[in-house]
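Read through the structure below, which is laid out as structure tokens, and then see the notes.
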Amino acid sequence: MRVIVSEEKLKRRVEELGEEISADFRGKDPIIVSILRGGFIFTSDLVRLLDFPHEIDFVSVSSYGDGTSSSGVVRLLKDLNTNVRGRHLLLIDDIIDTGLTIDYLAKDLSLRSPASLTIVALLEKQIKRKFDLPTKYVGFRIPDTFVVGYGLDFNEKYRHLPFIAELDGIEAKGTGGNKGVESS
Ligand code: IMP
Ligand code: MG
């Protein structure tokens, strides 16, 4: 296992994002929409740094693939509890890979007429994406490699690690990551 973003670097960057988002969204009473399960640690650290009133809700999705690539089918496993019409939304994900998941969710949420929808991702892979929505806030841009920790899993393991690491012998394309039948 090779650490690519240390605990210290994560902490500093999440603090910066918290300050930026606070400056931009203070007074807007937004709803933080966190994508389970990968986004749970990032979300919980980030919201504790937001110095303004906001609400938090969760969605859960699964992406089905053939093991090596995403099939382009995303399914909503758990919907929001909140009515988001007329509200400012901050959609929080752990990592954007092909962009399929975030694209699906952004389209789904947009149909519910929010006042605005802004994407926040802790990590963004530097790959040529099929789905290319603008990500307003990005923690780190990383190479196209399979990573775990700080919420991200490989076969549901490693989510608890306080840093982001690359697993030895695992290639993003070769394993298909967790884009099988598991949820994000
Ligand atoms: P996308 O739909 O291809 O953008 O993939 C997004 C989802 O796939 C993320 O929310 C993660 O759950 C998962 N994923 C993509 N890359 C990785 C990785 O390197 N490690 C762990 N999970 C990943
Ligand atoms: Mg995820």
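For ligands, and for the atoms within them, numbers begin at 1 and follow the listed sequence. Note that the numbering runs from 1 along the sequence shown for the chain.
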Please work out whether any backbone atom (N, CA, C, O) or any side-chain heavy atom from C-beta onward of T145 is under 4.0 Å from ligand 1, and answer side chain, backbone, both or neither. backbone
Check whether any side-chain heavy atom of M1 sits under 4.5 Å from a side-chain heavy atom of L161, and report yes or no. yes
Would you mind listing which atoms of ligand 1 come within a distance below 4.0 Å of any non-hydrogen atom of T101? 1 (P), 2 (O), 5 (O), 6 (C)
Determine whether a donor-acceptor pair (N or O, by modelled atom type, separation under 3.5 Å) exists between the side chain of D57 and the backbone of N81. yes
Using a 4.0 Å cut-off to any heavy atom of D153, which atoms of ligand 1 qualify? 21 (C)
Check each heavy atom of I102 against ligand 1 and say whether those closer than 4.0 Å belong to the side chain, the backbone, both or neither. neither
Given the rule in the side-chain contact (heavy atoms from CB on, under 4.5 Å) test, do V59 and K78 qualify, once you have shown the distances and angles that lead to the verdict? CA-CA 5 Å; V59 289; K78 184 224 168 289; 5.9 Å; no
Enumerate the atoms of ligand 1 whose separation from the nearest heavy atom of G99 is less than 4.0 angstrom. 1 (P), 3 (O), 4 (O)
Tell me whether I96 has any N or O atom under 3.5 angstrom from an N or O of ligand 1. no
Determine yes or no for a side-chain-to-main-chain donor-acceptor pair under 3.5 angstrom, with R12 supplying the side chain and E8 the backbone. no
May I ask you to list the atoms of ligand 1 that are less than 4.0 angstrom from any heavy atom of D93? 10 (O)
Tell me whether R13 contacts the main-chain N or O of V138 through its side chain, where contact means a donor paired with an acceptor under 3.5 Å. yes
Judged by non-hydrogen atoms, does I95 sit under 4.0 Å from ligand 1? yes
Fit a plane to each ring of H88 and F25, take the angle between them on a 0 to 90° scale, and name the class: parallel (under 30°), tilted (30 to 60°) or perpendicular (over 60°). perpendicular
Please test V73 against Y104 for side-chain contact (heavy atoms from CB on, under 4.5 Å), starting from the C-alpha separation and ending with a verdict. CA-CA 9 Å; V73 180; Y104 170 89; over 6 Å; no
Does any N or O atom in V147 lie less than 3.5 angstrom from one in ligand 1, N or O only? yes
Quick one: which ligand 1 atoms are inside 4.0 Å of a heavy atom on K125? 16 (N), 17 (C), 18 (C), 19 (O)
Does only the side chain of L152 get under 4.0 Å from ligand 1, or the backbone, or both, or neither? Count heavy atoms. side chain
Atom pair CD1/OG of I35 and S60 - distance to nearest 0.5 Å: 9.5 Å
